[in-house]
Amino acid sequence: MTGAALGHPVYRDMPTTIFEQMSALARETGAINLGQGFPDTPGPADILNVAADALLSRSNQYPPMAGLPELRAAVASHYAAHQGLALTPQDVIVTSGATEAIAATLLALVQPGDEVLVLAPLYDAYLPLIERAGGVAKVVRLTPPEWRITQAALEAAASPRTRFLLMNNPVNPTGIVLRDGELALLARFCVDRDLIAICDEVWEHLTFDGLRHHPLMAQPGMGERTVKIGSAGKIFSLTGWKVGWMCAAPPIVTLLARAHQFLTFTTPPNLQWAVAKGLAKPVEWFGAMRADYQASRDRLVTGLRAAGFVLLPSQATWFVCVDLPASGIAMDDREFCERIVREAGVAAIPISAFYPDEPVTHLVRLCFSKADAVLDEAVARLADFRRRVVAGSGEGR
């Protein structure tokens, strides 16, 4: 067997992701990494202490495949308190991160030839997971600055073979929170076409300016046809823990559990106990967490605007988008990202990487979940880079 024949083509022909490319360049050059989305803090000390104590004093053997009862109950109670959802612990399956939950859901539900609607820009794991499950991705392309979902766009992408909608809300990389009208539109579309919605809602607690996340599962007719996916890594700024979950009605959740048992099977029990404790924190804690990240967003945005950059509004997530032509920068997003990591010492992500085809090429994503000093230094470096680029282009002469 030759090397060219080895492996499944979905993975064999796949390039290294832009996230790994830019992070590798950041490590190689010593650049500030505003590309990959992770905080530079250790996480909440009380949750870390629960995990450490459980590691030493509680079981380190296989927990139940579906998750510790304490965490399944905590997830259900958390969503009742924060989003008004009437879930039971039996509706929850604990996974090793949200990406595993997405994979388990697609492997459990998608049959060969089934079409899955996805909204682009999108998380890069969606397409290979859909294809590996035997599905066909049908892309609904959204455009800046509004990124609006329309009935016409959904109808144009769907066909009689469409069975699923896979969506992210709040949305990475755009930083938007879907509007009430869009959620109602998606719900009607799913009900009318008998679709199952797979909702990647890992950013549900990272919303700003008084906006709140509303789950698609709460829309009329969606309780029985939605898989809701969450992530402790995003909620508690513990991205390396890889603790997630998927929630669904009994007929669906049974299938999800069967797929999950042959993927990671289970998740470290000490981390599950700690996350259960964290989800029971008072509502005020989550408000304070949002306020801290909003302050970081505002610090980065204020600094970049003062340096002449134009940014799109960011309502959620850890990211803001820079509009290059509006900022007086005559290069596309990939060229800009490649140059700033080497010439300015800052890593970023081109928005074109989030499109499978017909990409938007004038926006760049920056992560603001960093310490103030890191953000200030990144702003200073990017400001100097823009001054040099704009001066070199002759603008203002």
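Along the sequence shown, residues carry numbers from 1. Remember, predicted model here, so these are calculated numbers, not experimental data. Basis for what follows: all heavy atoms, side chains included, without hydrogens, waters or symmetry-related copies.
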Using atom types as modelled and distance alone, determine if a side-chain donor or acceptor of [X] lies under 3.5 Å from a backbone N or O of [Y].
X	Y	answer
Arg148	Pro145	no
Arg12	Gly7	yes
Glu100	Ser96	yes
Gln294	Asp209	yes
Asn33	Gly35	yes
Arg386	Ser327	yes

Under a 4.0 Å threshold between the charged nitrogen and the carboxylate oxygen, would Arg381 count as salt-bridged to Asp384?
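Looking at Arg381 together with Asp384, the answer is no, because their closest N to O distance does not fall below 4.0 Å.
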
Between Arg365 and Asp333, does at least one N-O distance fall below 4.0 Å, as a salt bridge requires?
->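 Salt bridge flag = no for Asp333 with Arg365.
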
What I'd like to find out is whether the side chain of His362 reaches to under 4.5 Å of the side chain of Asp332, using heavy atoms alone.
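SC-SC contact between His362 and Asp332 ruled out.
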
- prompt: Out of Leu71, Leu68, Val243, which one pairs with Thr267 under the side-chain contact (heavy atoms from CB on, under 4.5 Å) rule?
  reply: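 For Thr267, the side-chain contact (heavy atoms from CB on, under 4.5 Å) check succeeds only for Val243.
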
Check: Among His78, Arg212, Lys234, whose side chain to side chain donor-acceptor pair (under 3.5 Å) with His205 holds?
Finding: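 By the side chain to side chain donor-acceptor pair (under 3.5 Å) criterion, His205 pairs with just one of His78, Arg212, Lys234: His78.
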
Is the NZ or CZ atom of [X] both under 6.0 Å from the centre of the six-membered ring of [Y] and within 45° of that ring's axis?
X	Y	result
Lys281	Phe286	no
Arg297	Phe368	no
Arg58	Trp273	yes

Q) Looking at Ala104 and Leu256, what are the two nearest heavy atoms and their distance? A)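 Distance-wise, the nearest heavy atoms are CB-O, 4.4 Å.
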
When you compare the side chains of Glu204 and Gln83, does any donor N or O come within less than 3.5 Å of an acceptor on the partner?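 Side-chain D/A pair, Glu204 to Gln83: present.
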
